[in-house]
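Down below is the structure, laid out as structure tokens.
Excluded from the calculations below are hydrogen atoms, water molecules and symmetry mates; all remaining heavy atoms, backbone and side chain alike, are included.
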Amino acid sequence: MLDIMTLPVTVFAQNCRLIVNQDSGNAVACDVGGSAAEIFQLIEDNGFNLKAIVLTHGHLDHVGGAKALSELASCPIIGPCVEDRFLFESLHEQATAFSLPDCAPFEPLYVKDGDILNFFDDASFEVIHTPGHTPGGICLYCKEESFLLSGDTLFEGSIGRTDFERGSFDDLISSIKNKLFTLPDNVDVMPGHGEDTTIGAEKASNPFVR
């Protein structure tokens, strides 16, 4: 069974998720937007083995601490899809635009829709390509534990912004309706900002998706 720790990072209160198998000590960090040293210290203090860092999209508030944590923990950075490469190439510009700490450009190991990421013996993550907030954005579905890391695609009662470069409202709504809303209603949705929710709750009441 996996435990999930939520660690708010950056001035945008981005939800970095640390997913841990307490039996083995293996862990994965999702969307390390900042606080790399503090997250690494938490990992060290608990004796966790960080297997990978996974990123749902290329905005700086989600990726800004990934390279530093990767170097501290000697682990790979995985995701999103290659369509977000332009965002990883423009991290300096993003830092200036959003008044976040500077971050040197880096390139993760890009994934594709349908890829299966096996970090744990008894649970895996299915990559779901959900363009709209960004063209290469992804969500990560863990069927065994019935949860979805939704990044900035789907929020409690809301959806991701589409007014950033290469965003698309139509693509975002299609991603949510045709990919996420086909998941079981009891799947827990863990977004990049705000409170957790479920697929069923968002299907029933999210005002942006009708």
Side-chain angles (χ1 to χ4, degrees), residues 2-22 24-96 98 100-112 115-121 123-129 133-142 149-152 190-193:
L2 302 179
D3 290 336
I4 303 174
M5 306 169 67
T6 301
L7 312 167
V9 296
T10 83
V11 295
F12 296 104
Q14 196 281 122
N15 292 325
C16 172
R17 311 281 183 167
L18 186 63
I19 304 150
V20 182
N21 182 307
Q22 293 288 358
S24 67
N26 289 336
V28 173
C30 180
D31 285 353
V32 184
S35 304
E38 292 85 350
I39 295 169
F40 181 69
Q41 191 62 56
L42 175 65
I43 291 167
E44 288 280 283
D45 289 346
N46 286 277
F48 299 148
N49 174 31
L50 190 65
K51 303 287 287 185
I53 296 162
V54 291
L55 303 175
T56 61
H57 63 287
H59 285 154
L60 185 58
D61 61 322
H62 287 248
V63 312
K67 188 171 186 292
L69 182 59
S70 171
E71 292 170 350
L72 287 168
S74 299
C75 69
I77 304 172
I78 300 172
C81 293
V82 70
E83 288 86 351
D84 270 11
R85 174 177 278 155
F86 75 102
L87 289 169
F88 290 93
E89 293 173 344
S90 66
L91 290 175
H92 284 306
E93 291 80 2
Q94 290 189 55
T96 300
F98 295 103
L100 288 169
D102 198 14
C103 177
F106 67 92
E107 191 155 33
L109 301 172
Y110 296 110
V111 295
K112 303 185 301 297
D115 282 353
I116 303 297
L117 306 178
N118 293 299
F119 303 121
F120 306 102
D121 291 337
S124 60
F125 294 95
E126 177 187 352
V127 173
I128 304 175
H129 183 203
H133 180 63
T134 67
I138 63 171
C139 295
L140 295 162
Y141 175 45
C142 181
L149 300 168
S150 66
D152 283 3
M190 300 181 180
H193 304 268

Any idea which heavy atoms bring C103 and G64 closest together, and the distance? SG-O, 3.7 Å
Across all chains, not counting sequence neighbours, the side-chain hydrogen bond (donor to acceptor under 3.5 Å, both in side chains) partners of D45 are Q41
Any idea how H57 and H133 line up, ring-wise: parallel (<30°), tilted (30 to 60°), or perpendicular (>60°)? perpendicular
Is there a side-chain contact between M190 and N15, using heavy atoms and a 4.5 Å cut-off? no
Looking at every non-hydrogen atom in both residues, tell me the closest pair between G58 and Q94 and how far apart they are. O-NE2, 3.3 Å
Residues in salt bridge (Lys or Arg N to Asp or Glu O under 4.0 Å) contact with E93, at least two apart in sequence or another chain: none
V82 meets the side-chain contact (heavy atoms from CB on, under 4.5 Å) criterion, sequence neighbours left out, with R85, Y110
Is there a side-chain contact (heavy atoms from CB on, under 4.5 Å) between V111 and F125 once you walk through the steps? CA-CA 12 Å; V111 295; F125 294 95; over 6 Å; no
So which atom in S150 and which in P191 form the shortest heavy-atom distance, rounded to 0.1 Å? OG-CA, 3.2 Å
Do V54 and F119 have side chains that get closer than 4.5 Å, going by heavy atoms? yes
Non-hydrogen side-chain atoms of L69 and L50 separated by less than 4.5 Å: yes
With a 4.5 Å heavy-atom cut-off, do S70 and F106 have their side chains touching? no
Taking the side chain as every heavy atom from C-beta outward, state whether H59 and Q14 have any pair of such atoms under 4.5 Å apart. no
Using the salt bridge (Lys or Arg N to Asp or Glu O under 4.0 Å) criterion, which residues pair with D61? Sequence neighbours excluded. none
side-chain contact (heavy atoms from CB on, under 4.5 Å) against L2, all qualifying residues, sequence neighbours excluded: I19, N21, F120, A123, C142, E145, F147
Apply the side chain to side chain contact (heavy atoms under 4.5 Å, CB included) test between I78 and each candidate in L117, L55, I53; give the one that qualifies. L117
Which pairs pass salt bridge (charged side-chain N to carboxylate O under 4.0 Å, His left out) with one or both residues in residues 72-82, sequence neighbours excluded? none
Please find the pair of heavy atoms, one from P76 and one from L109, that lie closest to each other, and give the distance. CB-CD1, 4.0 Å
With sequence neighbours excluded, what pairs up with E89 under the salt bridge (Lys or Arg N to Asp or Glu O under 4.0 Å) test? none
Residues which pass side-chain hydrogen bond (donor to acceptor under 3.5 Å, both in side chains) with R17, listed by chain and number, not counting sequence neighbours: T6, D196
Mind checking what makes side-chain contact (heavy atoms from CB on, under 4.5 Å) contact with L42, not counting sequence neighbours? M5, L7, L18, N46
Under 4.5 Å between any side-chain heavy atoms of Q22 and F48, yes or no? yes
Distance, nearest 0.5 Å, that separates CZ of F12 from CG of L60: 9.0 Å
I would like to know whether E126 and Y141 meet side-chain contact (heavy atoms from CB on, under 4.5 Å); could you show each step before the answer? CA-CA 5 Å; E126 177 187 352; Y141 175 45; 3.9 Å; yes
All N/O donor-acceptor pairs, side-chain side in residues 24-39, below 3.5 Å, sequence neighbours left out:
{"residue": "S24", "atom": "OG", "partner": "N26", "partner atom": "N", "Å": "3.2"}
{"residue": "N26", "atom": "OD1", "partner": "N49", "partner atom": "ND2", "Å": "3.1"}
{"residue": "D31", "atom": "OD1", "partner": "T56", "partner atom": "N", "Å": "2.8"}
{"residue": "D31", "atom": "OD1", "partner": "T56", "partner atom": "OG1", "Å": "3.3"}
{"residue": "D31", "atom": "OD2", "partner": "T56", "partner atom": "OG1", "Å": "2.8"}
{"residue": "D31", "atom": "OD2", "partner": "H62", "partner atom": "ND1", "Å": "2.8"}

Contacts of K67 that satisfy salt bridge (Lys or Arg N to Asp or Glu O under 4.0 Å) - sequence neighbours left out: E71
Considering non-hydrogen atoms only, spot the tightest contact between K112 and C81 and give its length. CA-SG, 4.3 Å
Can you name the side-chain hydrogen bond (donor to acceptor under 3.5 Å, both in side chains) partners of S124, sequence neighbours left out? E144
